[in-house]
Amino acid sequence: MISLEKVFYIIISTTLVTVFILFTFVFSPNAVDNSRGKVKTIYFADNISKAHQKIIDQFNKKYEGQIKVETINLPFEKFSTNERKELLARYLRSKSNRIDIFSVDIIWVPRFAKWSMPLNTLIDTQKVINLLPFALKSCIYNDKLYALPLYIDIAVMYYRDDLLRKLSDYQEITDELATSITWERFFELQNKLKSPVNNFYIFQADDYEGLLCSFTEVMSNLKSDIIKSDSSLKLDESNAVKAIGFLHDLIYKRKISPKEATELRENLSYQYFIKNNSFAVRGWPNFLSKDNKLLTTDLKDNIKRAPLPHLSGSEPASVFGGWNLMVSKYSEKIPEVVKFLEYILSDEAQRILYQEENFLPVIKTLYNDSIFVEQYPELKFYEKLFISGVYRPFLEEYTNISDILSFHINKVLKNELTASEAVKLSSEKISEKVVID
């Protein structure tokens, strides 16, 4: 199921990261803490964005002479989320104390709990109370707080308002989009706009986790969980066939999405949306961040947000995403780590994450801050959207289940399998409970 090329790449990537860590910790003159000195250095592994660095710089200045945060940068440009997951898992298995804090996709928390420190008694209770319940839920596994949210994500649809303005019933359709238009009405909209075939709606359908997000949303529309959250790991086969068939229809029957979607992940899908003058794209809040160089000012001014479409007779559904922070149970600097985690949950740090990168805040105080919300009124849109948010399964085996499903669903969307064949094969693999490490 995993190509030899990909296995080779992961091995090489692991070697490179190991070498990088070796040089960072062994050969750097600042690598080893002086136990007789005052400064304690903690090591933080993540994709270090400009916002991350700004927060770290401010924390280091605040605790100068006491605590210093050093980074291990695992950029998305070099490592996919799956590759990051496997690299971290391999490193933590070594039981090294060299990494203190690491970030995880929210769906990885059950997988990494065995290598992480429970935080229930370590974090200020008021900090936990101030967390959005939607963000906090992904941090709890087996009734223990194993993570803290860095930022929360939720799937959203972006559309071209300038194209929509050509229609006489513009306001009526805008109102429908604002409350989640039905898929049936969305298909009609393509005809009204006379959009070219297979160029109306762009979504991510490559063999990766992004495809599972769209699958999860359609399954939710069908009032179904992907899999039972018990030891049986049984796939809802009937609705899975329907959901995969629906995604297939977007490309081949409804002809609103391109065949190229089967090769698209987030950044490539955004590029496709812009370059091909498409009407809408499924995405995440940071699509409109300052760092998105694809967007010209004129184009950005003509793009609006909306909830994703939903099937008639169902409730709207948008998958929650985001990244959480976990503490290695092998860390020897827990008091210092706790101070850094609590700083990340401060109003100051959470503001930076949103202002610099469009990473949605995870604390209630910012959504209740009238001055901040007046400055960023779109936060009210997201706060309302959270209500229709849905989660992927919180299972230790989920990442393996996701790998199996995304592989087979992608095959269907490439016309290499039928939906029924894909579900049958996926069910067989899932029931074997084979974890791909």
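Owing to the predicted nature of the structure, the values given are computational and were not obtained by experimental measurement. As a basis for the values below, the full set of heavy atoms in this structure was taken, side chains included, without hydrogen atoms, waters or symmetry mates. Residue numbers run from 1 in the order of the sequence given.
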> Do R84 and W323 meet the cation-pi criteria used here (NZ or CZ under 6.0 Å from the six-membered ring centre, within 45° of the axis)?
Replying inline: yes
>> Students often mix this up, so state it plainly: with edges at 30° and 60°, are the rings of F186 and F279 parallel, tilted or perpendicular?
In response: tilted
>> Within this structure, what is the CG-CD1 distance for the pair L417 and I244, rounded to the nearest 0.5 Å?
In response: 9.5 Å
> Parallel, tilted or perpendicular: which fits the ring planes of Y270 and F287, with parallel below 30° and perpendicular above 60°?
Replying inline: tilted
> Which of parallel (below 30°), tilted (30 to 60°) and perpendicular (above 60°) describes F320 and Y391?
Replying inline: tilted
> Do you know which two heavy atoms are closest between I344 and Q350, and how far apart they sit?
Replying inline: O-NE2, 3.0 Å
>> Listing request: all salt bridge (Lys or Arg N to Asp or Glu O under 4.0 Å) pairs with a residue in residues 374-389, at least two apart in sequence or in separate chains.
In response: K380-E383
> Should the pair F246 and W183 be assigned to parallel (<30°), tilted (30 to 60°) or perpendicular (>60°) ring geometry?
Replying inline: perpendicular
> Looking at NZ of K411 and OG of S406, how far apart are the two atoms once the value is rounded to the nearest 0.5 Å?
Replying inline: 11.5 Å
> Hey, which of W284, Y367, F134 is the one that makes side chain to side chain contact (heavy atoms under 4.5 Å, CB included) with L360?
Replying inline: Y367
>> Less than 6.0 angstrom separating the ring centers of Y63 and F59, yes or no?
In response: yes
>> As an exercise, state the distance from CD1 of I106 to CG of L150, rounded to the nearest 0.5 Å.
In response: 12.0 Å
> Do you see a donor-acceptor pair shorter than 3.5 Å between the side chains of Y398 and E209?
Replying inline: yes
> Roughly how far, to the nearest 0.5 Å, is OG of S116 from CD1 of I101?
Replying inline: 11.5 Å
> When rounded to the nearest 0.5 angstrom, what is the spacing between CZ in F112 and CZ in F102?
Replying inline: 6.0 Å
